[in-house]
2 protein chains.
Amino acid sequence: MTAGGYLKGRIRREDIITAAATAYAEAGYQGSSLREIAKRVGISHAGLLYHFPTKEALLAAVLERRDAEDAEREQLAAPPGLAVLRHFVALAEHNVRHPGIVDLYTRLAAEAVAADHPAHEYFERHYRIARENVLRSFQALAANGELRPGVDPHAAALTFIALMDGLQVQWLTTPDEVDLVGSLRFYLSTLLTVPLD
Amino acid sequence: MTAGGYLKGRIRREDIITAAATAYAEAGYQGSSLREIAKRVGISHAGLLYHFPTKEALLAAVLERRDAEDAEREQLAAPPGLAVLRHFVALAEHNVRHPGIVDLYTRLAAEAVAADHPAHEYFERHYRIARENVLRSFQALAANGELRPGVDPHAAALTFIALMDGLQVQWLTTPDEVDLVGSLRFYLSTLLTVPLD
DNA sequence: CCTACCGATCGGTAGG
DNA sequence: CCTACCGATCGGTAGG
């Protein structure tokens, strides 16, 4: 129970979360066993359960860390408008270099459409926040005349988020035939009256 | 081994495929056990394996029937152009009334991003065919001046398919906040110079 | 953190 | 098609 002990415990917990995220990305949450995750860290599955009392608690920790990383990357949230859309494009560029994140997100999102999945509420909230965030930006752009006339900000926001998700699945399945970032830019160019950058 | 015996076997096989499709939609392929599927049909899991020798063989049968149903609905493939896009919108209208189909497709597609998943090649082919089909239509529209100037048919085709998939995940997760058909129509209206219908 | 164990469930097979 | 079984694996617990 020394300070060193606490530190070691925290590091070990982080290692377990990292291993779990990798496993979920490859095999989904249901498809990943505690024994498999524990083996990646070099402990027994009972040892893992010393740090996380249940399988669900480990999933919750993975999702929490993902949120924390996202929040960190967004830094001090950009004001609604072009900057937010650029941020999403930058996120896509980041994801292309880190396919594991896309894998994790895509696998979990599809599992979590089931109402009784432990990550279901997480993704409900995730989608709602993402839509609201993008909606405010499209509304700001509309006010500035930077949105093509006749484009409904709500429809633009909803389809923009959906496009990101759909592109990711298709990109993971056939990486050579899908330009993730280019497709996003293409879509935004059809909606805006100004260049993205 | 009478004709009646054959018929009964065929019906039983169809019942099993139906039960499997429902189970996959709710829990994914990996998450569905042969015992659970067999119970829905009222036989033992060993009895199921009499009709389908392995778990993978049953998945293959489910995918084959889905293709057959799709082919039937398309009837005598429409010529490239507006008619094909209308067909996709009609498909979305059909899917909204049959969420189980969307569930099945979404769950399996996400599982199958893994290269060693038994449905991986199926979805590779599925995406390629879908993209080529839509691409030909956007090219035909471009030739008629019905595509907005500056819109690349390839980018339009890729994003259109991706949008359909992404909308489906979001619709399944938060059904009340996603207008599947309206969003598709919105997107097409931003690409075309003519009304869809 | 570990070893050892629990009851439950898995896909598949044997033998009828 | 069934009963009965196989070896493997699962999440979680006991007891240290």
Side-chain angles (χ1 to χ4, degrees), chain A residues 1-24 26-63 107-108 111 114 116-119, chain B residues 1-24 26-63 107-108 111 114 116-119:
Chain A
M1 284 306 175
T2 68
Y6 278 122
L7 176 63
K8 205 152 73 177
R10 224 180 309 133
I11 292 175
R12 179 49 62 92
R13 279 176 58 93
E14 287 305 311
D15 287 348
I16 294 172
I17 293 173
T18 300
T22 307
Y24 297 166
E26 292 175 3
Y29 166 69
Q30 293 162 345
S32 300
S33 72
L34 296 179
R35 281 167 175 84
E36 158 68 19
I37 295 166
K39 196 193 294 177
R40 293 173 191 250
V41 187
I43 61 176
S44 72
H45 92 284
L48 190 159
L49 286 165
Y50 167 80
H51 294 283
F52 299 94
T54 65
K55 196 187 180 186
E56 277 195 29
L58 179 53
L59 172 61
V62 168
L63 295 176
R107 287 294 303 246
L108 288 186
E111 275 187 21
D116 62 347
H117 191 281
Chain B
M1 285 304 176
T2 66
Y6 279 122
L7 176 63
K8 206 153 69 177
R10 225 180 308 135
I11 291 175
R12 179 50 60 94
R13 280 177 56 93
E14 288 303 312
D15 287 347
I16 294 171
I17 294 173
T18 300
T22 306
Y24 296 168
E26 292 175 5
Y29 166 69
Q30 294 162 340
S32 300
S33 72
L34 297 179
R35 282 168 175 84
E36 158 67 20
I37 296 167
K39 196 192 294 180
R40 292 172 192 253
V41 187
I43 61 176
S44 72
H45 93 282
L48 190 160
L49 287 166
Y50 167 81
H51 294 283
F52 300 94
T54 65
K55 196 186 180 187
E56 278 195 29
L58 178 54
L59 172 61
V62 169
L63 296 176
R107 289 290 305 243
L108 288 186
E111 275 187 23
D116 62 345
H117 191 281

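Lettering follows sequence order; numbering is per chain, from 1. What's counted below: heavy atoms across the whole structure, side chains too, no hydrogens, waters or symmetry copies.
Considering every non-hydrogen atom in both B/Val41 and B/Asp15, the closest pair reads CG2-O, 4.0 Å.
Scored by the side chain to side chain contact (heavy atoms under 4.5 Å, CB included) test, A/Ala27 finds A/Ser32 as partners (sequence neighbours excluded). Residues satisfying the salt bridge (charged side-chain N to carboxylate O under 4.0 Å, His left out) criterion with B/Arg40, sequence neighbours excluded, are B/Glu26, B/Glu36. Listed by chain and residue number, B/Leu34, B/Arg35, B/Ala38, B/Leu49 satisfy the side chain to side chain contact (heavy atoms under 4.5 Å, CB included) test with B/His45 (two or more places apart in sequence, or in another chain). The side-chain hydrogen bond (donor to acceptor under 3.5 Å, both in side chains) search around A/His51 returns none, not counting sequence neighbours. Applying the side chain to side chain contact (heavy atoms under 4.5 Å, CB included) criterion to B/Ala20, with sequence neighbours excluded, gives B/Tyr24, B/Ile37, B/Leu58, B/Val62. Taking B/Glu56 as the reference, nothing meets the salt bridge (charged side-chain N to carboxylate O under 4.0 Å, His left out) condition, with sequence neighbours excluded. The side-chain hydrogen bond (donor to acceptor under 3.5 Å, both in side chains) search around B/Thr18 returns B/Arg65, not counting sequence neighbours.
A/Arg107 is not listed as a side-chain neighbour of A/Tyr29, based on a closest heavy-atom distance of 4.5 Å or more.
A 4.0 Å heavy-atom criterion places the boundary nucleotides of DNA chain D facing chain A at D/dC10 to D/dT13, written 5' to 3'.
DNA chain C forms stems at C:1-16 with D:1-16, each a run of 3 or more consecutive Watson-Crick or G-U wobble pairs whose two key distances fall under 3.5 Å.
Within residues 34-47 of chain A, the residues that have a heavy atom under 4.0 Å from DNA chain D are, in order of number, A/Leu34, A/Arg35, A/His45, A/Ala46.
Between the CD atom in B/Gln30 and the CG atom in B/Leu59 there is a gap of 10.0 Å [rounded to 0.5 Å].
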